[in-house]
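Taking it in order: structure first as structure tokens, then the write-up.
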Number of protein chains: 2
Amino acid sequence: MKVLDCTKCDIKSSAAKMLNVEELKILGNHCSEVNFKKGEIIFKQNALSSNIVYLKKGLVKIHIAGPSAEQIIKISKPPTYLGIPTTFDEKTNRYSATALEDTVVCFIGLDMFKQFIKGNPNFSYEIIVELCKSELDSFNNTVNRAQKKIPGRVADALLFFNREIYESKEFYIPLSRLEFGNFVDTSRESVSRILTEFHTDRIIQLDGRKIEILDEQRLEAFSKRG
Amino acid sequence: MKVLDCTKCDIKSSAAKMLNVEELKILGNHCSEVNFKKGEIIFKQNALSSNIVYLKKGLVKIHIAGPSAEQIIKISKPPTYLGIPTTFDEKTNRYSATALEDTVVCFIGLDMFKQFIKGNPNFSYEIIVELCKSELDSFNNTVNRAQKKIPGRVADALLFFNREIYESKEFYIPLSRLEFGNFVDTSRESVSRILTEFHTDRIIQLDGRKIEILDEQRLEAFSKRG
DNA sequence: AAAATAAAGTGAGACTTATCACATCTTGAA
DNA sequence: TTCAAGATGTGATAAGTCTCACTTTATTTT
């Protein structure tokens with residue numbers, strides 16, 4: 001296994017920033033860095049797992065196979081941990097993670113991770129902060145998904161890519177229409193229809209997956225009204 | 001303020017079980033026990049908050065005012081913490097908590113709570129475990145709400161009360177029809193219709209809020225198919 | 001107990017969205 | 001290039017759910 005030098009890592013998680021040089025060296029010895037190409041699965045629902053996954057570069061979807069369809073629970077960007085809840089609480093993963101772009105992650109042994117939690121209070125404090133944020137996001141999502149109609153949810157997704165992921169009005173949607181549907185709880189057909197409608201209304205400029213947001217305010221209006 | 005003797009509390013959280021006698025005495029000095037009657041609000045969305053709330057007895061709904069309706073995010077039973085994410089990450093509460101039955105909670109000062117996290121690794125470990133469980137539940141909820149039609153969601157809710165809350169086939173539904181709708185993302189009318197349908201089909205025996213589950217298997221079938 | 005208020009049940013029509021069917025467009029492989 | 005496989009767009013129809021209107025039943029209040 002390639003040994004990492006975590007002391008030199010400049011994309012540390014807020015928790016890892018709490019580790020001293022000694023601890024970072026230990027971390028490096030129990031940690032491996034792996035590259036994933038777009039589309040590759042990082043870990044799979046129902047598989048056994050004993051690693052915490054730290055997302056360093058790229059973009060990842062967290063998804064669950066439901067009774068009738070695949071559902072994208074959330075899209076994570078670095079720096080963040082991917083597998084804390086599923087690894088900590090269960091023997092098998094409750095969800096899958098798949099790279100949406102070329103991605104770099106570090107696999108961290110669970111024992112090691114637990115050791116830091118029990119050994120470094122500032123580390124565990126930051127983990128708690130991250131878990132709390134994540135739970136609030138998830139509540140927020142629940143409300144949005146339940147109370148908004150499809151145009152509102154599509155608008156939300158576009159604003160999410162614009163603001164949280166790409167920080168630019170122009171970007172390539174990192175999802176197929178089907179995946180987009182899995183992300184906003186609809187069919188691929190409905191996504192197509194709403195997107196072309198937004199295009200026709202000059203709210204967005206659309207060409208395949210290439211998109212430019214022309215009228216952020218009207219997108220927000222859709223988001224707010226439902 | 002009434003000082004509590006947490007050393008004698010026999011409904012400690014799994015985190016509090018990790019505290020020694022000294023720590024429990026300190027906890028008791030920074031903690032107050034409050035009773036809430038059915039229907040009373042424990043804490044309110046958008047209010048400032050500096051307490052962690054520990055649910056000791058009773059039953060509580062966690063709810064959020066969305067763009068068009070009030071939504072019940074989850075129903076919590078003891079022993080559990082109610083306000084960790086909302087208190088930890090934000091200045092103001094992102095959700096409300098309301099007693100569904102007569103309820104006893106302990107308010108714990110946030111500073112105290114943070115002190116234990118930083119001072120006792122076993123304590124913070126248990127908090128992390130609880131947060132992880134809660135996040136997995138929340139993912140599970142997301143899938144259920146999105147992929148199931150109303151009969152499936154109503155069936156889920158009934159099985160939830162049966163299995164997680166009352167552990168009995170006979171119980172009183174702790175929600176009005178409107179609240180039930182807010183819990184399973186529908187209108188009160190749809191809840192009424194589905195419940196009477198289940199009654200007619202002899203899946204349940206229903207009289208107002210009093211209910212008996214007659215055919216658990218058929219409820220599960222609804223849940224699985226959607 | 002009577003009146004007022006709130007909660008619950010139910011039918012009908014409107015609206016949203018899913019599904020099916022098919023045409024078109026891309027993309028990668030042979 | 002040519003073909004195959006997958007992704008996308010779009011219309012028509014069907015299904016599910018919401019909303020409105022009204023009635024009936026509980027629960028509170030006076």
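A, B, ... follow the sequence lines: proteins, then strands. Residue 1 opens every chain. These numbers come from the heavy atoms of this one structure, side chains and all, not from hydrogens, waters or symmetry mates.
Summarising the geometry, the separation between CD1 on B/Ile211 and C1' on C/dA8 is reported as 15 Å, rounded to the nearest angstrom. Spacing between atom CD of A/Glu197 and atom C1' of C/dT16 amounts to 12 Å, rounded to whole angstrom units. Distance CG (B/Asn182) to P (D/dC18): 12 Å, rounded to an integer number of Å. D/dA26 atom P lies 13 Å from atom OH of B/Tyr172, rounded to whole Å. Spacing between atom CD1 of A/Ile150 and atom C1' of D/dG16 amounts to 13 Å, rounded to whole angstrom units. In this entry the distance linking CZ of B/Phe180 with P of C/dG9 reads 11 Å, nearest Å. When rounded to the nearest whole Å, the span between NZ of A/Lys148 and P of D/dC18 equals 18 Å. What separates CD1 of B/Ile194 from P of D/dG16 is a distance of 10 Å, to the nearest Å.
Classification of the A/Phe161-A/Phe180 ring pair by plane angle, with boundaries at 30° and 60°, yields perpendicular. Note on ring orientation: taking the six-membered ring where Trp is involved, the planes of A/Tyr81 and A/Tyr54 are tilted (angle from 30° to 60°). Using bins of under 30°, 30° to 60° and over 60° for the plane-to-plane angle, the ring pair A/Phe160/A/Phe183 lands in the tilted bin.
Taking a 4.0 Å limit (strictly below) on heavy-atom distances, residues 59-72 of chain A does not reach DNA chain D anywhere.
Between B/Phe107 and B/Phe113, the distance from one ring center to the other does not fall under 6.0 angstrom. Aromatic pair A/Tyr172/A/Tyr166: ring centres not closer than 6.0 Å.
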Check your understanding: In B/S/- notation, 5' to 3', how is nucleotides 5-15 of chain D contacted by protein heavy atoms closer than 4.0 Å?
Key -> ---BBBBB---
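In this structure the side chain of A/Ile52 never reaches within 4.5 angstrom of the side chain of A/Leu82, judged on heavy atoms.
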**Study point:** Residue pair B/Glu135, A/Ser134: steps toward the side chain to side chain donor-acceptor pair (under 3.5 Å) verdict
**Key:** CA-CA 8 Å; B/Glu135 178 149 358; A/Ser134 154; 2.6 Å; yes
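Within the structure, the salt bridge (Lys or Arg N to Asp or Glu O under 4.0 Å) test picks out the following pairs touching residues 183-194 of chain A (sequence neighbours left out): A/Arg145-A/Asp185.
Here CG of A/Asp137 is found 10.0 Å from OG of B/Ser138. Values are rounded to the nearest 0.5 Å.
Applying the 4.0 Å criterion to OP1 and OP2 of D/dC18, one finds that B/Ser187 has a side-chain N or O inside that range.
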